[in-house]
Amino acid sequence: MPKKYALPAFLADVVSQETYERWLRRKAQAHVRRDRKRGNTTAIGEGYREAIHSAVIESVGRDAYTGEVLDWSLISQYDNDESKENGRHYKRGFALLPTVDHVGDGTGAANFKICGWRTNDAKNDLEVQEFLSVCESVLKHHGYVIRSAG
């Protein structure tokens with residue numbers, strides 16, 4: 001019988017089905033907890049697992065905002081004790097750790113994008129357009145020419 005959350009093909013030689021499912025469960029639980037605290041009474045684990053799994057498949061293993069290839073071998077590898085001991089030097093090695101980013105404020109239907117930890121940290125709670133404006137401001141400040149999309 002096929003798995004409900006079958007390992008996407010791009011992860012076949014990177015992580016096991018078990019590792020992927022554990023990661024998916026943990027990410028969904030964390031987001032459900034957070035969104036319920038924000039007042040989302042419709043947040044349920046199954047819906048979040050489905051939405052996150054769909055976002056993973058849609059990502060094809062890349063950061064939704066930068067297009068960078070994510071390092072899926074890093075899922076479930078972060079060590080809080082080692083992070084405390086080595087600070088930003090340790091964290092730098094997890095820049096391309098896949099993370100789950102809300103599309104919206106988390107009070108509506110489950111909707112996510114997959115991006116690297118560095119990107120998610122930089123984006124924080126900004127809407128996509130706000131994040132892009134910040135990125136554009138940084139580039140302009142440092143003399144880069146911004147071309148309009150399209």
Side-chain angles (χ1 to χ4, degrees), residues 1-136 138-139 149-150:
M1 181 169 191
K3 294 271 186 187
K4 183 168 189 173
Y5 302 111
L7 189 67
F10 65 87
L11 294 179
D13 294 325
V14 181
V15 297
S16 69
Q17 176 73 39
E18 179 184 355
T19 298
Y20 176 70
E21 286 183 23
R22 184 176 63 244
W23 174 84
L24 182 61
R25 250 188 336 273
R26 291 173 71 194
K27 294 302 158 193
Q29 284 174 333
H31 282 277
V32 165
R33 237 185 335 268
R34 188 184 93 171
D35 290 355
R36 284 185 181 162
K37 283 182 184 176
R38 290 181 172 183
N40 186 344
T41 58
T42 64
I44 58 169
E46 182 65 21
Y48 276 50
R49 284 188 298 276
E50 288 176 6
I52 293 169
H53 181 65
S54 292
V56 170
I57 292 168
E58 183 181 311
S59 79
V60 195
R62 293 181 173 271
D63 184 305
Y65 304 108
T66 68
E68 294 170 292
V69 175
L70 298 171
D71 187 349
W72 289 85
S73 70
L74 294 173
I75 65 173
S76 302
Q77 300 298 314
Y78 191 81
D79 183 317
N80 285 324
D81 292 332
E82 195 170 341
S83 176
K84 286 177 189 172
E85 187 177 318
N86 297 305
R88 65 177 153 191
H89 299 291
Y90 178 75
K91 291 178 182 179
R92 212 175 268 138
F94 286 86
L96 295 176
L97 168 70
T99 63
V100 179
D101 181 51
H102 271 94
V103 174
D105 62 6
T107 59
N111 189 6
F112 303 102
K113 295 281 185 194
I114 303 300
C115 61
W117 187 19
R118 176 185 54 215
T119 304
N120 206 344
D121 194 38
K123 182 179 171 287
N124 200 340
D125 285 332
L126 297 174
E127 295 290 332
V128 173
Q129 199 52 53
E130 294 170 313
F131 177 57
L132 294 174
S133 292
V134 169
C135 293
E136 185 175 285
V138 170
L139 291 170

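What's counted below: heavy atoms across the whole structure, side chains too, no hydrogens, waters or symmetry copies.
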* Asked: Of all heavy-atom pairs between P8 and I57, which one has the smallest distance, and what is that distance?
  -> CG-CG1, 4.2 Å
* Asked: Pairs in or reaching into residues 69-84: which pass salt bridge (charged side-chain N to carboxylate O under 4.0 Å, His left out), with residues at least two apart or in two chains?
  -> none
* Could you walk me through whether D35 and H102 pass the side-chain contact (heavy atoms from CB on, under 4.5 Å) test, one step at a time? => CA-CA 10 Å; D35 290 355; H102 271 94; 2.7 Å; yes
* Structure fact -> Rounded to the nearest 0.5 angstrom, the CZ-CD1 distance for F112 and I114 is 9.0 Å
* Atom pair CG (L74) and OG1 (T99), whose distance is rounded to the nearest 0.5 Å -> 11.5 Å
* Reported CZ-to-CD distance for the pair R26 and Q29, which is rounded to 0.5 angstrom -> 8.5 Å
* Under 3.5 Å, side chain of T107 to main-chain N/O of N40, donor-acceptor pair present? -> no
* **Shortest non-hydrogen contact from E21 toward K3** => OE2-CD, 3.3 Å
* Asked: How close do S83 and Y90 get, heavy atom to heavy atom, and via which atoms?
  -> CA-CD2, 3.4 Å
* Can D125 and R38 be counted as an ion pair, charged N to O under 4.0 angstrom? -> yes
* Structure fact -> Nearest heavy-atom approach of Q17 to Y5 is NE2-O, 2.8 Å
* Structure fact -> Nearest heavy-atom contact between W23 and S76 is CB-OG, 4.3 Å
* CZ/R88: more than 12 non-hydrogen atoms of other groups inside 6.0 Å -> no
* Asked: CG/L7 to CG/D13 distance, rounded to the nearest 0.5 angstrom?
  -> 9.5 Å
* Report the distance from atom OH of Y65 to atom OG1 of T119, rounding to the nearest 0.5 Å. => 9.0 Å
* Of V60, V56, D63, which is the lone residue that meets side-chain contact (heavy atoms from CB on, under 4.5 Å) with L70? -> D63
* Decide salt bridge (charged side-chain N to carboxylate O under 4.0 Å, His left out) for E58 and K113; before the verdict, give the C-alpha distance in whole Å, the side-chain angles of both, and the deciding distance to 0.1 Å. => CA-CA 8 Å; E58 183 181 311; K113 295 281 185 194; 3.1 Å; yes
* Dump the intermediate steps for side-chain contact (heavy atoms from CB on, under 4.5 Å) on E136 and L139, then the final yes or no. => CA-CA 5 Å; E136 185 175 285; L139 291 170; 5.8 Å; no
* Applying side-chain contact (heavy atoms from CB on, under 4.5 Å), name anything that partners V32, two or more places apart in sequence or on another chain. => R36, A43, Y48
* **Distance in Å, D121 CG paired with R118 CZ, rounded so as to fall on 0.5 Å steps** => 10.5 Å
* Can you check side-chain contact (heavy atoms from CB on, under 4.5 Å) on V128 and K123, steps first, answer last? -> CA-CA 8 Å; V128 173; K123 182 179 171 287; 4.2 Å; yes
* Least distance between heavy atoms, D101 atom then N124 atom -> OD1-O, 4.3 Å
* **Contacts of R62 that satisfy salt bridge (Lys or Arg N to Asp or Glu O under 4.0 Å) - sequence neighbours left out** => none
